[in-house]
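Report on the structure given below.
Keep in mind it's a predicted model, so treat the numbers as computed, not measured. Here is how names work: the chains are called A, B, and so on, in the same order as the sequence lines, proteins then strands, and each is numbered from 1.
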Amino acid sequence: MARAQVRQACDRRLHRRHDRSFRPNRTQATLQGPMNVFAEFHAALAKSLDALVAEGKLQAGLDLSRAVVEPPRDAAHGDLSTNAALVLAKAARTKPRDVAQLLADKLALDPRVAAVEIAGPGFVNLRLKQSVWRDIARAILMLGERYGDGAMGDGKAVNVEYVSANPTGPMHVGHCRGAVVGDALAALLEKTGHTVTREYYINDAGAQVDQLARSVHHRYREALGENPGPVPEGLYPGDYLKPVAEALARELGPKYRAAPEAEWLPVFRTRAVAEMMALIRDDLKALGVEHKVFTSEKRDLVEHGRVEEAVERLKLRDLVYTGVLEPPKGMKPDDWEPRPQLLFRATQFGDDVDRPLAKSDGAWTYFAADMAYHLDKYRRGFVRLIDVWGADHGGYVKRVDAAVKALSEGRATLEVKLCQMVNLLDKGEPVKMSKRAGTFVTLRDVVNEVGADVVRFVMLTRKPDQHLDFDFAKVREQSKDNPVFYVQYAHARHRSALRLAAREFEGLDASEAALAKADLDRLADAEEIALLRLLSSYPRMLEAAAEAGEPHRVAFWLYDLASAFHQLWSRGNAEPAMRFVVPGDRETTLARLALVRAVGVTIASGLRLLGVAPAEELR
RNA sequence: GACCCCGUAGCUCAGCUGGAUAGAGCACUUGCCUUCUAAGCAAGUGGUCGCAGGUUCGAAUCCUGCCGGGGUCGCCA
């Protein structure tokens, strides 16, 4: 089975790197554009620190890299909070609250700051002028769905390989999650300023594709009117091979009916793989997933001698030898017998054992070819490689990581995102699937049943390292219990408000440009400001999600935004004066529509990132 | 035996890569439709963050060791 099966998490070691978006270096704030308040205030903090050093109030060389500027959990603590004083105190040999006072005095001079407080052990809490939040609404209206675009990636190339399902049949549900997570991750990286290449590795050189060819041959005989009996054990029994066989029967006639396998196998294999890849690409397209680069193990690597090249490269560094592996302990040794094998010294790069490169029949192992593929990516200029695999490939991570390190001489890094299993349910009951009986649920079935948008969103409603229940009954449900509809409903409601306003006010110009010019000082209610504040955290959330490689955060954030929006909407029930559309008050209506539209734009931006089309209406 | 992942409210899960009284949905109790779609909103009940140590001004979060669940473990891919 391919790599794309399903569930779980990522190798934390690999993400522990460097900065939280808005943290240390000052150039970042400006690169990120004008919209990341948190980044801006981190920069302001650095400036304040410099000033204090210049005045001799603090010593030079203090490290702000561990300081964060974040929204406090409790709104009573203001709009922004920083732990800078706590982080600096020890090195500055000053009490945290004293450092906090120094910083507070400086930050108070910032024109955007309304009030500064020192709280607890030495947090500095800032309350910003409301104009800061209103400016955010204007900026969102002007930027449209570009809101949240960041420069964090600095245009650097990232290679994201995902799906890579074996070309032996249509995609099944298990492949969905990796496909969606990989695709959303790629989009997230693009959104944050990386240059992303989406890739798919076609595993078409092993024994499985020979079995595929034999399966097609069996069906071919059927198509010619023979009765070869049931599909033999070990072959692929699915009906999806029948059309392929029938086409071959039409095109080739009976000439391979009784021919020796060696004659027809390559022909059938090539054709079958091509057909399966066409099937898979169709399935992916139905899900809205499109890869740019497809690499064939057989055609692009094995037949071009790329595997030999990779092995040679390792040999030059004395990283290959012939040896005998120990049997794994604790497992029944069954048919184990010691054999000399061609091995890669993976242990020198953090793996637990050295790994075999060749099978006893002389063919390369899957690993050897995959190694060559990763070398190929590196040679094409990628030093940052991300692979999205199913959790059942967890045991494979270290060796590929070792290979990447060895082959790139430490210049390339590999991050593997493992996705846990998806349990397919209907009304809480497991959907029974039998591969043997050919009754497994295909990706296409699921997409046809509930739609690509729902599949995509639901696949992101759990962090990748958590198993996920996909319940047909539940995802069709149209209630707040279903996050997809909850978020879509918020977007549809924002449209509804705009439509209503157009009916209420003749000739109302509710274009973004017009709304940006509205008198936003009319947005003064605490809940309105809170909503603006939430909108302001979008770029920050995107960068954190990109940094962690966790696109599910976007889905959760959108749910929160939708919730805040529904809340404000409902205020209008009890307090008609709080409705978005206030009959007879054009100015207030425009101001509120500016907020409403900013919410809509942001939801659309987030959904688009996840590959989900925002709904105009829910009927 | 080894490696990887998970363990947070009765249930399903978040928790912004170490911050201030641990959050949401479901479920249960109770309010809100002559109302911009109530497909929604509000309030209440409910938690020794698996256990035990450690690091830290500060731990659900980092480290170590246990316990429980899942995954993987030579010539499959």
Side-chain angles (χ1 to χ4, degrees), chain A residues 1-3 7-12 15-16 20 66 68 70-74 77 81 83 86 89-90 96 119-123 125 166 168 203 205-208 324-331 336-339 341 343 351-353 355-356 358-363 365-367 370 390-398 418 420-421 461-463 465-467 469 477-483 485-486 488-490 492-493 496-501 504 537 540-541 544-545 547-548 552-553 556-557 559-560 563 566-574 576 579-582 596 617-619:
Chain A
M1 281 291 103
R3 303 176 160 162
R7 167 178 129 106
Q8 183 160 327
C10 354
D11 189 339
R12 289 253 167 84
H15 316 147
R16 200 162 293 153
R20 257 150 107 187
R66 281 180 56 232
V68 295
E70 58 189 355
R73 197 167 310 209
D74 187 342
H77 293 141
S81 175
N83 62 351
L86 293 164
K90 189 174 265 185
F123 291 101
N125 295 333
N166 287 341
T168 55
N203 184 216
Q208 289 190 3
V324 179
L325 289 176
E326 294 288 314
K329 287 175 186 168
M331 292 191 60
W336 174 274
E337 48 183 278
R339 281 196 193 92
Q341 289 176 297
L343 300 169
D351 201 352
D352 306 312
V353 289
R355 302 293 180 176
K359 305 183 203 171
S360 52
D361 68 358
T365 56
Y366 175 82
F367 169 58
D370 205 12
D392 53 340
H393 290 68
Y396 190 68
V397 174
K398 284 186 181 179
L418 297 178
Q420 283 293 357
M421 303 292 179
T461 53
R462 212 115 292 180
K463 63 181 165 189
D465 36 22
Q466 238 350 314
H467 80 91
D469 290 340
E477 196 174 300
Q478 307 201 345
S479 73
K480 72 178 297 195
D481 196 19
N482 180 349
F485 279 90
Y486 190 72
Q488 289 285 31
Y489 186 36
R493 269 186 157 175
S496 171
L498 290 166
R499 283 194 298 268
L500 183 85
E504 186 67 36
S537 69
R540 178 175 185 271
M541 176 279 298
E547 178 69 25
H552 75 278
R553 292 190 194 188
F556 279 94
W557 189 86
Y559 185 88
D560 286 343
S563 176
H566 287 310
Q567 191 179 321
L568 189 55
W569 175 290
S570 300
R571 277 281 294 283
N573 289 340
R579 293 188 190 170
F580 297 141
V581 179
V582 187
V596 166
E617 264 186 296
L618 297 179
R619 283 290 177 193

* With rounding to whole Å, what would you report as the distance between B:G50 and B:U8 at their P atoms? -> 6 Å
* **A:R571 vs A:N83, nearer the 5' end of RNA chain B by closest nucleotide** => A:N83
* Would you please determine if the base of B:A20 is stacked by A:F123, with stacking meaning a centroid separation under 5.5 angstrom and planes under 30 degrees? => yes
* Determine: side-chain N/O of A:K463 to OP1/OP2 of B:G15, distance under 4.0 Å, yes or no. => yes
* Asked: Would you say A:Q567 reaches B:A42's phosphate, i.e. side-chain N/O to OP1/OP2 under 4.0 Å?
  -> yes
* Asked: Can you check whether A:H77 stacks with the B:A20 base, using ring centres under 5.5 Å and planes within 30°?
  -> yes
* **Distance below 4.0 Å between A:R73 side-chain N/O and B:A20 OP1 or OP2** => yes
* Side-chain N,O (A:H467) to OP1/OP2 (B:G71) below 4.0 Å -> no
* Asked: How far does the P atom of B:A60 sit from the matching atom of B:C16, given to the nearest Å?
  -> 12 Å
* To do: Tell me the stems RNA chain B sits in, counting at least three consecutive Watson-Crick or G-U wobble pairs, each under 3.5 Å on both distances.
  => B:1-7 with B:67-73, B:10-13 with B:23-26, B:28-32 with B:40-44, B:50-54 with B:62-66
* Asked: Does OP1 or OP2 of B:C41 have a side-chain N or O of A:Y486 closer than 4.0 Å?
  -> yes
* Taking only N and O in the side chain of A:H552, is any of them less than 4.0 Å away from OP1 or OP2 of B:G15? -> yes
* Asked: Counting only side-chain N and O atoms of A:W557, is one of them less than 4.0 Å from OP1 or OP2 of B:A14?
  -> no
* Asked: So what does A:D351 touch, heavy atoms closer than 4.0 Å: a base, only the sugar-phosphate, or nothing?
  -> nothing
* Asked: With respect to the phosphate group of B:A14, does any side-chain polar atom (N or O) of A:Q466 fall under 4.0 Å of OP1 or OP2?
  -> yes
* Phosphate oxygens OP1/OP2 of B:A38: is one of them under 4.0 Å from a side-chain N or O of A:Y489? -> yes
